[in-house]
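Worksheet for the structure shown next.
Residue numbers start from 1 in every chain, and the chains themselves are labelled A, B, ... in the order their sequence lines are given, proteins ahead of strands. In this text, all values refer to a predicted model and were calculated from it rather than measured experimentally.
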Amino acid sequence: MINEEIADIFEKMSRVLAFKGANRFRALAYERAARSLRDLEEDLPEMAREGKLEDIPGIGKDLAGKIQEYIKTKRIRQCDQERRDVPEGLIALMDIPGLGPKTLSLLHEKYQIRDLDDLRRALDTGKLEKLRGFGKKKIDNIQRGINLWLARHQRMPLGIALPLAEKLLDDLNGIKQVERADIAGSLRRRRETIGDIDLLVISTDSPRALREFTKLPSVKQVIGLGDTRATVIIEGGIQVDVRSVARESYGAALQYFTGSKQHNIHLRTLAQKKGLKLNEYGVFRGEKRLGGAREDEVYRLVGVPVMPPELREDHGEIEAAMEGRLPKLVDLPDLRGDLHMHTNYSDGRATIAEMVEGAAALGYDYIALTDHSPSARIANGLDRKRLEAKIEELERVRKQRGERRPRILLGVEVDILADGRLDYPDEIIARCDVVVAAVHSSFRQSRDRMTKRLLDAIANPYVHILAHPLTRLMGSRDAVEFDFERIVEAAVEAGVALEVNAQPLRLDLTDAMARAAQEAGAVLAINTDAHSVAQLELIRYGVSQARRGWIEARSVVNSWPWTKFSRWLGQRRKRKSKAA
DNA sequence: GCCGTTTTCGGCCCGACTGTTTTCAGTCG
């Protein structure tokens, strides 16, 4: 997409300028612009045609001209020129922790270092020690930064980071000097991938508490240790920052370290306009401290109602809060059922009875057991005969449990074949209470074919849910390509729900797509796709993803009471009979 | 390079930590 291409150019430009020692605010302007373009929903060429480029935050006359130039010629001359004398590999090195533009610039000038290999050679031969300002510690730090960079080149999925952080919280709470500990940062905002783990504590003796923290068994390496902050590496090469603050500043610190950066800048700007100063210690007017012990107090003083962390991306939540139109985000207790899970009839590990028992423990009112259709051979998809066997067993479990919840619905996860047909004939899926359709093969079809394929599936009157629409697997498989707007439109028209799949490597739909779908009037289903009893608990990742997408319970079919939900299940089929 | 309820110039979020510095620059979040 052209927006991304231009954002990349601006991002690089920002780094090139910093490297060259240009006015740092000029570099910052490019960085801001790049971010703004990445957040943009509209197509740049379209906005250019309508003369609306300068409406984009951070885009002024000059950058609008550069965007125009790129749309016309696929390049931006001034950016190409600026980049000419800066080696490509050097720019990438700015991602290494501890290496900034100034240091790299010096290394380039003195030793002609152009890329990672040059840098490592220079380190190995001990050349750097001769440079002014380069002591042993600094050189060690660069070496460590390189290792870290190589190890965690990719961000960690939320589903790995959150349990690790929760374990660390337990450990912190076990330290005598720690009064309270919380998760902050992108983890608290539940971003789908996490760079570092940020933790915050109140302590009776901060230096001591932090020292104790660095001695925990899970800590592999101490990067930094001060009176208010400790930075360590834990197992798996993950960086953890712990900050200790006074009780009266805790709310301000929690707000500050939760971010996002853009959200904070926006909030600070508002504070400034009111003549206030907002930092991690509190809200101040001049020297006078107005508050900061509680997070909601910080927001209130700035004149913005507090909002859930998942919204804090500066994607319109501050404006929405001030205008009193914050969404009532869906939450875990809202969910009354899970509509996508597998048993040992296909590739799940647990029996029907075990899955039902697990769902009962979560307090669900209804669930659908959705095993695979036959073309999913690796997943042991059910042919007609085994489907009959499953139906019989399901009946047995139903009888055994009597009136006890959850209600057990016969479901199926039917493959959407490459040509758009479903992997069961209508007469079979018509017998299922809940039909979940999904792509599991031919991922690389053209955008047009994939769009048609999904439209065909949505058009089938027995389909209730389009599962994991993007079909991505983080770190191993890219999302399939299709015209999302058309799919949403068709789903709204048909009353088909789009899934927010809670599997940590899927998180599919994305937050932005879920939000766009809800805005277009679509309904959603938040499901685990569980393959074991334990995986039923993954639901929280689906919920946090939905919350990041501003999703309200009213849009989530499996938060609806049984009568409303069962009516929705039946509605599709009535339409069919009306049409027939 | 952007931007404006201190507005067309002069700011731009702001504080902690580190290392090597004798008073601060670089980097990070």
Side-chain angles (χ1 to χ4, degrees), chain A residues 10 13-14 16-19 21-36 53-67 76 78-79 82 93-107 128-129 131-142 144-145 148 184-187 195-200 206-207 210 222-231 239-245 249 252-253 255-284 302-303 314:
Chain A
F10 285 175
M13 184 73 172
S14 156
V16 166
L17 290 172
F19 177 78
N23 177 339
R24 67 194 183 96
F25 294 111
R26 206 178 141 216
L28 197 70
Y30 275 98
E31 199 188 301
R32 254 174 54 90
R35 246 200 98 98
S36 198
L53 289 177
E54 287 184 50
D55 294 350
I56 304 169
I59 303 293
K61 201 165 167 209
D62 182 90
L63 292 184
K66 289 190 165 75
I67 294 172
I76 301 171
Q78 198 198 330
C79 296
E82 293 272 10
L93 296 189
M94 283 191 205
D95 281 334
I96 296 176
L99 272 187
K102 299 283 191 236
T103 309
L104 281 170
S105 173
L106 183 71
L107 293 179
L128 299 191
E129 285 153 45
L131 277 178
R132 197 184 142 71
F134 280 67
K136 184 172 182 321
K137 286 200 170 181
K138 179 157 180 163
I139 289 172
D140 283 353
N141 195 36
I142 294 174
R144 209 159 43 204
L148 206 58
S186 56
L187 198 49
D196 305 332
I197 294 176
D198 288 300
L199 303 174
L200 201 62
S206 170
L210 292 176
V222 180
I223 301 252
L225 175 60
D227 285 351
T228 65
R229 177 171 150 191
T231 301
Q239 181 169 322
V240 181
D241 287 323
V242 180
R243 289 178 179 77
S244 175
V245 299
S249 294
Q255 193 291 316
Y256 182 86
F257 291 113
T258 297
S260 68
K261 193 177 167 191
Q262 294 308 113
H263 174 92
N264 285 356
I265 289 174
H266 193 158
L267 203 64
R268 240 167 234 241
T269 311
L270 288 177
Q272 237 177 13
K273 281 182 187 160
K274 296 189 117 189
L276 302 172
K277 191 174 81 167
L278 169 62
N279 60 27
E280 59 264 55
Y281 299 104
V283 183
F284 301 85
V302 181
D314 197 23

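For the atom pair OH (Tyr30(A)) and SG (Cys79(A)), the distance works out to 5.0 Å, reported to the nearest 0.5 Å. Taking CZ from Arg144(A) and CD1 from Ile142(A), the interatomic distance works out to 11.0 Å, rounded to the nearest 0.5 Å. Taking CD from Glu54(A) and CG from Leu63(A), the interatomic distance works out to 9.5 Å, rounded to the nearest 0.5 Å. The CZ atom of Arg35(A) sits 12.5 Å away from the OG atom of Ser14(A) when rounded to the nearest 0.5 Å.
Straight-line distance from the CG atom of Asp55(A) to the C1' atom of dC2(B): 14 Å, rounded to whole Å. The interatomic distance linking Phe19(A) (CZ) with dT27(B) (C1') rounds to 16 Å, in whole Å. Put simply, CZ on Arg35(A) is 18 Å from P on dC2(B), counting in whole angstrom units. If you take CZ of Arg26(A) and P of dC3(B), they are 16 Å apart, rounded to a whole angstrom. Distance CD1 (Ile223(A)) to P (dT18(B)): 11 Å, rounded to an integer number of Å. Rounded to an integer number of Å, the gap from CD of Gln78(A) to C1' of dG1(B) is 10 Å. Atom CG of Asp140(A) is separated from atom P of dT18(B) by 15 Å (rounded to the nearest Å). In this structure, Leu210(A) atom CG and dA16(B) atom P are separated by 14 Å, rounded to whole Å.
Counting any heavy atom pair closer than 4.0 Å across all strands shown, Ile96(A) reaches sugar-phosphate atoms only and no base atom. Counting any heavy atom pair closer than 4.0 Å across all strands shown, Thr231(A) reaches no nucleic acid atom. Contact annotation for Lys66(A): backbone-only contact, meaning every heavy-atom pair under 4.0 Å involves sugar-phosphate atoms and none involves a base.
Proximity note for Asp62(A) (side chain, C-beta onward) versus dG19(B), dC2(B), dT27(B): the nearest is dC2(B). Of the candidate nucleotides dG29(B), dG19(B), dT27(B), dT27(B) has the atom lying nearest to any side-chain atom of Lys102(A).
With the nearest nucleotide of DNA chain B identified for both Arg144(A) and Pro101(A), Arg144(A) has the one nearer the 5' end. Between Pro57(A) and Lys136(A), the residue anchored closer to the 5' end of DNA chain B is Pro57(A), taking for each the nucleotide with the nearest heavy atom.
Between Asp314(A) and Lys261(A), no side-chain nitrogen of the basic residue sits less than 4.0 Å from a carboxylate oxygen of the acidic one, so the salt-bridge criterion is not met.
With C1' as the reference atom, dT8(B) and dC3(B) are 9 Å apart, rounded to whole Å. Rounded to whole Å, the C1' atom of dA25(B) lies 10 Å from the corresponding atom of dT20(B). The P atoms of dC13(B) and dG4(B) are separated by 13 Å, rounded to the nearest whole Å. Annotation: dT6(B) and dG1(B) have their P atoms spaced 28 Å apart (nearest Å). For the P atoms, the distance from dT18(B) to dC12(B) is 27 Å, rounded to whole Å. As rounded to the nearest Å, dT27(B) and dT21(B) have C1' atoms that lie 16 Å from one another. dT22(B) sits 23 Å from dA16(B) when the P atoms are compared, rounded to a whole Å.
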Verdict with reasoning, Asn279(A) to Tyr256(A), per side chain to side chain contact (heavy atoms under 4.5 Å, CB included): CA-CA 7 Å; Asn279(A) 60 27; Tyr256(A) 182 86; 5.8 Å; no
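A 4.5 Å side-chain heavy-atom check between Leu128(A) and Leu107(A) finds at least one atom pair inside the cut-off.
Among Asp198(A), Ile197(A), Ile223(A), the one residue that satisfies the side chain to side chain contact (heavy atoms under 4.5 Å, CB included) test with Asp241(A) is Asp198(A).
Across the strands present, dT8(B) finds no partner; the criterion is a Watson-Crick or G-U wobble pair with both atom distances under 3.5 angstrom.
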Are there any protein N/O atoms within less than 3.5 Å of an N/O atom in nucleotides 10-15 of chain B, and if so, which ones and at what distance?
{"from": "dC13(B)", "atom 1": "O2", "to": "Arg268(A)", "atom 2": "NE", "distance (Å)": "3.4"}
{"from": "dC13(B)", "atom 1": "O2", "to": "Arg268(A)", "atom 2": "NH1", "distance (Å)": "3.1"}
{"from": "dC14(B)", "atom 1": "O4'", "to": "Arg268(A)", "atom 2": "NH1", "distance (Å)": "3.0"}
{"from": "dG15(B)", "atom 1": "OP1", "to": "Lys277(A)", "atom 2": "NZ", "distance (Å)": "3.3"}

